[in-house]
Protein chains: 2
Amino acid sequence: MEQTKAVAALAALAQDTRLSVFRLLMQTGPDGMIAGAVAEAMDVPPSTMSHHLAKLEQAGLVMSWRTSRLIHYAADYAGIHALLNFLMADCCRGDPNACADLLSAITCSASPEGAGV
Amino acid sequence: MEQTKAVAALAALAQDTRLSVFRLLMQTGPDGMIAGAVAEAMDVPPSTMSHHLAKLEQAGLVMSWRTSRLIHYAADYAGIHALLNFLMADCCRGDPNACADLLSAITCSASPEGAGV
DNA sequence: ATTATATTTCTACAATTGCAAAAATATCGA
DNA sequence: TCGATATTTTTGCAATTGTAGAAATATAAT
């Protein structure tokens, strides 16, 4: 991933509604949700949500497909993966121990505040 | 991490100069760099860099300390950790297999294009 | 064809952000 | 104290972004 794409992806996520949408779609899984349902869930007008979804899609963070009149949106796992990898590239001066501490506790499941890693 | 802080952190990273600075400091390690050296490395005026560094620090992504006239900046590993965890929270509907695929190949070292995971 | 539904594109405006020169602040050495 | 160095704060402007109503487009049902 190049810098320009990373900036676009981060900018797409750096907005309240879009960050919520992205996390919602991450949690929803590969089947995704239809555009209207996303707009309703976030309580914003369809035209506004359309803009946000387009920005997320252009950033490579979500993908869409059509079934008849409905347009489905789902998280693009490869996209978020590429972004995270770009952020962490060559970090810790290559020290595996420091890296392990940093990455080990990143999980897909919720991390309750008190939970030990 | 709450949503508001996550948006601030993502916005801090969603800018060309700041993203480069963050990655530079991630790679530099805990000793960090002095402000002037960062400005010089990025080829921007000190006042501009001061703004960028302040934004990164306010977002919890870098930390600073002073030794005499010099101010050191270094990556805040806890901050980036919290952000990544927030992004991935409850993803994949809790399916560990999907999560494993998503996270396994995120490494601190460089990932050459051809390298198998 | 006509109507209804789902979504996007167009449009306009308020609010935010990036930028860097100039001035101000902090620390050190003489 | 005075001058020199390092960094931040102030200031102002151009550019970008978020927002949502209205119009346009795509699909389906009658």
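No experiment lies behind these values; they were computed from the predicted model shown. Each chain gets a letter, A, B and so on, in the order its sequence line appears, and its residues count up from 1.
- Contacts of A:Ser68 classified as side chain to side chain donor-acceptor pair (under 3.5 Å), with partners at least two apart in sequence or in another chain: none.
- A:Thr67 pairs by the side chain to side chain donor-acceptor pair (under 3.5 Å) definition with A:His72, not counting sequence neighbours.
- Atom NE2 in B:His72 sits roughly 13 Å away from atom P in D:dA6 (whole-Å rounding).
- Of the candidate nucleotides D:dT8, D:dT7, C:dT9, D:dT7 has the atom nearest to the side chain of B:Ile34.
- In this structure, A:Leu13 places its CG atom 15 Å from P of D:dT17, rounding to the nearest Å.
- At whole-Å resolution of the value, CG in A:Leu70 and P in D:dA29 are 11 Å apart.
- Within the 4.5 Å cutoff, no side-chain heavy atoms of B:Asp76 are placed close to those of B:Ile80.
- For A:Ala54, the side chain to side chain contact (heavy atoms under 4.5 Å, CB included) criterion is met by no residue, not counting sequence neighbours.
- To the nearest angstrom, C1' of C:dT27 lies 10 Å from CD1 of B:Ile71.
- Shortest non-hydrogen contact noted between B:Ala9 and B:Ala59 is CA-CB, 3.7 Å.
- The CE atom of A:Met49 sits 14 Å away from the P atom of D:dG21 (whole-angstrom rounding).
- Atoms CG (A:Leu56) and P (C:dT8) sit 12 Å apart, rounded to a whole Å.
- Less than 4.0 Å separates DNA chain D from no heavy atom of any residue of residues 58-68 of chain B.
- At the heavy-atom level, B:Pro46 lies under 4.0 Å from base atoms of the strands shown.
- Residues that satisfy the side chain to side chain donor-acceptor pair (under 3.5 Å) test with A:Glu57, not counting sequence neighbours, are A:Ser64.
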Please write out the pairs of protein N or O atoms and N or O atoms of nucleotides 2-5 of chain C separated by less than 3.5 Å, giving the distance to one decimal.
unit_1 : atom_1 : unit_2  : atom_2 : d
C:dT5  : O4'    : A:Arg69 : NH1    : 3.2

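- Atom CD in B:Glu40 sits roughly 15 Å away from atom P in D:dT5 (whole-Å rounding).
- Linking Ile, Leu, Val, Met, Phe, Trp and Tyr whenever their side-chain heavy atoms come within less than 4.5 Å puts B:Met42 and B:Leu56 in one cluster.
- Distance, A:Asp16 CG to D:dG18 C1': 12 Å, rounded to whole Å.
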Could you write out each protein N or O paired with an N or O of nucleotides 12-19 of chain C at a distance under 3.5 Å?
unit_1 : atom_1 : unit_2  : atom_2 : d
C:dG18 : OP1    : B:Arg18 : NH2    : 2.6
C:dG18 : OP2    : B:Lys55 : NZ     : 3.2
C:dG18 : O3'    : B:Gln15 : NE2    : 3.4
C:dC19 : OP1    : B:Gln15 : NE2    : 3.3
C:dC19 : OP2    : B:Gln15 : NE2    : 2.8
C:dC19 : OP2    : B:His52 : NE2    : 2.8

Please step through side chain to side chain contact (heavy atoms under 4.5 Å, CB included) for the pair A:Lys55 and A:Leu61, ending with a clear verdict.
-> CA-CA 9 Å; A:Lys55 190 149 191 173; A:Leu61 293 166; over 6 Å; no
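- Contact of the A:Leu83 side chain with the A:Leu10 side chain is registered, since non-hydrogen atoms from C-beta on lie closer than 4.5 Å.
- With sequence neighbours excluded, no residue forms a side chain to side chain donor-acceptor pair (under 3.5 Å) with B:Thr48.
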For residues 12-26 of chain A, which side-chain donor-acceptor pairs fall under 3.5 Å, sequence neighbours excluded?
unit_1  : atom_1 : unit_2  : atom_2 : d
A:Gln15 : OE1    : A:Thr17 : N      : 3.1
A:Gln15 : OE1    : A:Arg18 : N      : 3.1
A:Asp16 : OD1    : B:Gln3  : NE2    : 3.2
A:Arg18 : NE     : A:Ala12 : O      : 2.6
A:Arg18 : NH1    : A:His52 : ND1    : 3.2
A:Arg18 : NH2    : A:Ala11 : O      : 3.2
A:Ser20 : OG     : A:Asp16 : O      : 3.2
A:Ser20 : OG     : B:Gln3  : NE2    : 3.1
A:Arg23 : NH1    : B:Phe86 : O      : 2.6

